[in-house]
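Just so you know, residue 1 is the first one in the sequence shown, and it goes up from there.
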Amino acid sequence: MTPAARIQAAIEILDQITDGEPAEKALTTWARNARFAGSKDRAAIRDHVFDVLRQRSSCAAVGGDDSGRGLMIGLLTQAGVDLDSLFTGEGHAPLPMTEAEKGYGHAPEGADALDIPEWLFPLWQQSLGDDAAEVAAIQRHRAPVFLRVNLRTSDVEAAVATLAVDGIVAVPHPLSPTALEVTENARRIKQSPAYLTGQVELQDAASQALVDALPLPKQGKVLDYCAGGGGKTLAMAALTRATMFAHDANPQRMKDLPDRADRAEIAVRICRTTELRGQGPFDLVLCDAPCSGSGSWRRAPEGKWRLTQALLDDVTALQAQILRDAAPLVAAGGALAYATCSVLEVENHAQVEAFLAGHPGWTLETERLFTPLMGGDGFFVAVFRKP
Ligand SMILES: C[S@@+](CC[C@H](N)C(=O)[O-])C[C@H]1O[C@@H](n2cnc3c(N)ncnc32)[C@H](O)[C@@H]1O
């Protein structure tokens, strides 16, 4: 496909997304019907679509409307691309720009210019203070690719060397001693022996730093209460000999965990909710709670535009409930860790204060916010000690 034909494909996919189709589904449906498209075409089209989703409001302002065509015009204009050379109408290229279209757009202002939803902007500023504009600006661009070196089976030097055999260039990142930032050939990772043999896992650097900040006991019992795919279960298990338990309210989310654990040479016991009390108490319980995802909108930008005040209220209520449910599972003198991939105060420090107010005798040991200005995604972690 030509670069112009890829842009036309992205326009059509964005129209589906604007009509309510989730981005991944719209991309898959398009690819299924476009057998002529090669893997490089699919990757380039996906990049266009996600670049727009990260910058949706500024693209709509600059492009004049939020149709797929308007959004792509906005994206390319903001990137300084000469539209007339691409919008030729020849072959599968987009139709030429009309005179009217050339006059539609305007420079975005305020929240639109930073691609933060208007209703959320005051909360965003209140949460991030002086960093608000810079964090929003970073979230308008692609995230770096990070790996976690599995210290159970390897070390940083050996992992970098194994990756290099496949032409994958990775360099240590200051956020965590296990973090590598991939600077070349990231698309080869999932086929590389380093990944397939469990020497490295894909994991954001701040997510690794969060695990580094946990008071992991050398032995005893650790519970990942909201384990999901198990990213943090595996990261914790690689750093301790404690027995590792994984739980999720939706056990289906943990379906790949046994295979991932085998690959990493790590033992994890999967627990149903009804089994938790019998398996406890635990020396450390991590609650990596559901959240707005506002720290990882570079990777999942649709969430930015889907979030509403009502959804935020629901998720903060769930976070508080999860902490209340998990606290009794912690052993006396043990630790309860609360984590989100959000940068919003209402999901982070406000939850800490509410928990302490409702749990006399518990103390706060650690509270840290990682923002994307540090290189990784935005994450928050707090550690409480049980009396
Ligand atoms: C942020 S994700 C976890 C990500 C995971 N820890 C990782 O590192 O890949 C939050 C998880 O919490 C789970 N969850 C939602 N409500 C829950 C509840 N009441 N109790 C336990 N887990 C819950 C969700 O199913 C989801 O998998």
Inset, instruction - Report the residues that fulfil salt bridge (Lys or Arg N to Asp or Glu O under 4.0 Å) with Arg269, sequence neighbours left out, ordered by chain and then residue number. - result: none
Inset, instruction - Verify whether one side chain among Gln8 and Arg69 offers a donor that lies under 3.5 Å from an acceptor in the other. - result: no
Inset, instruction - Please answer: with hydrophobic residues joined when any side-chain heavy atoms are less than 4.5 Å apart, are Leu210 and Leu284 in the same cluster? - result: yes
Legend entry - Sub-4.5 Å side-chain heavy-atom contact between Glu347 and Leu344: yes
Legend entry - Over 12 non-hydrogen atoms of neighbours within 6.0 angstrom of NE2 in His92: no
Legend entry - Salt-bridge present (Asp47, Arg187; N to O < 4.0 Å): yes
Legend entry - Results of ring-ring contact (aromatic ring centres under 6.0 Å, His included) for Phe380 - residues two or more places apart only: none
Inset, instruction - Using modelled atom types only, decide if a donor and an acceptor are shared between the side chain of Trp297 and the backbone of Arg54 within a distance under 3.5 Å. - result: no
Legend entry - All pairs passing side chain to side chain donor-acceptor pair (under 3.5 Å) where residues 219-230 contributes a residue, at least two apart: Asp224-Thr233
Inset, instruction - For Thr340 and Gln319, test the side chains for any donor-to-acceptor distance below 3.5 angstrom and give the result as yes or no. - result: no
Inset, instruction - Scan side-chain atoms only and decide if Ser207 and Arg148 contain a donor-acceptor pair under the 3.5 Å cut-off. - result: no
Inset, instruction - Verify the distance criterion only: is there a donor paired with an acceptor across the side chains of Gln208 and Thr178 at less than 3.5 Å? - result: yes
Legend entry - Joint cluster assignment, Leu286 & Phe379, ILVMFWY side-chain distance < 4.5 Å: yes
Inset, instruction - Share the residues that join Met72 in a hydrophobic cluster, the rule being Ile, Leu, Val, Met, Phe, Trp or Tyr side chains under 4.5 Å apart at the heavy-atom level. - result: Met1, Ile7, Ile11, Ile13, Leu14, Ile17, Leu27, Trp30, Phe36, Ile45, Val49, Phe50, Val52, Leu53, Leu71, Ile73, Leu75, Leu76, Val81, Leu83, Leu86, Phe87, Met97
Legend entry - Side chain proximity check, Arg277 to Leu329, heavy atoms < 4.5 angstrom: yes
Legend entry - Arg324-Gln321 side chain donor-acceptor pair, cut-off 3.5 Å: yes
Legend entry - SB check Lys304 Asp115 (cutoff 4.0 Å): no
Legend entry - Validation row, ring centre Phe384 to ring centre Phe355 under 6.0 Å: yes
Legend entry - Minimum side-chain heavy-atom gap Val62-Pro108 below 4.5 Å: yes
Inset, instruction - Decide whether Asp166 and Ser192 meet the rule of one side-chain donor and one side-chain acceptor closer than 3.5 Å. - result: no
Legend entry - Hphob cluster co-occupancy, Trp362 + Val383, side-chain heavy atoms under 4.5 angstrom: no
Legend entry - Residue list, ring-ring contact (aromatic ring centres under 6.0 Å, His included) with Phe245, at least two apart or on another chain: Phe282
Legend entry - Lys102 bridged to Asp84 by N-O distance under 4.0 Å: yes
Legend entry - Distance-only polar pair, side chains of Ser176 and Asp212, donor-acceptor under 3.5 Å: yes
Inset, instruction - State whether a side-chain donor-acceptor pair under 3.5 Å links Ser296 with Asp204. - result: no
Legend entry - Note, Leu214 side chain near Met236 side chain (heavy atom, < 4.5 Å): yes
Legend entry - More than 12 heavy atoms from other groups under 6.0 Å of CG on Asp130: no
Inset, instruction - Indicate whether the side chain of His247 and that of Thr273 have a donor and an acceptor atom separated by less than 3.5 Å. - result: yes
Inset, instruction - For the pair Arg56 and Glu302, find out whether any cationic side-chain nitrogen is under 4.0 Å from an anionic carboxylate oxygen. - result: no
Legend entry - Distance-only polar pair, side chains of Gln199 and Ser154, donor-acceptor under 3.5 Å: yes
Inset, instruction - Kindly write out the residues that satisfy ring-ring contact (aromatic ring centres under 6.0 Å, His included) with His173, not counting sequence neighbours, or none if the list is empty. - result: Phe146
Inset, instruction - Ignoring hydrogens and angles, tell me if any N or O in the side chain of Asp155 forms a donor-acceptor pair with the backbone of Ala158 under 3.5 Å. - result: yes
Inset, instruction - In plain terms, say whether Glu265 and Arg152 are close enough for a salt bridge, that is, a side-chain N and a carboxylate O under 4.0 Å apart. - result: no
Inset, instruction - Take atom CD of Glu275 as the centre, draw a 6.0 Å sphere, and report whether it contains more than 12 heavy atoms from other residues, nucleotides or ligands. - result: yes
Legend entry - Check: Ser58/Asp112 side-chain N/O donor and acceptor closer than 3.5 Å: no
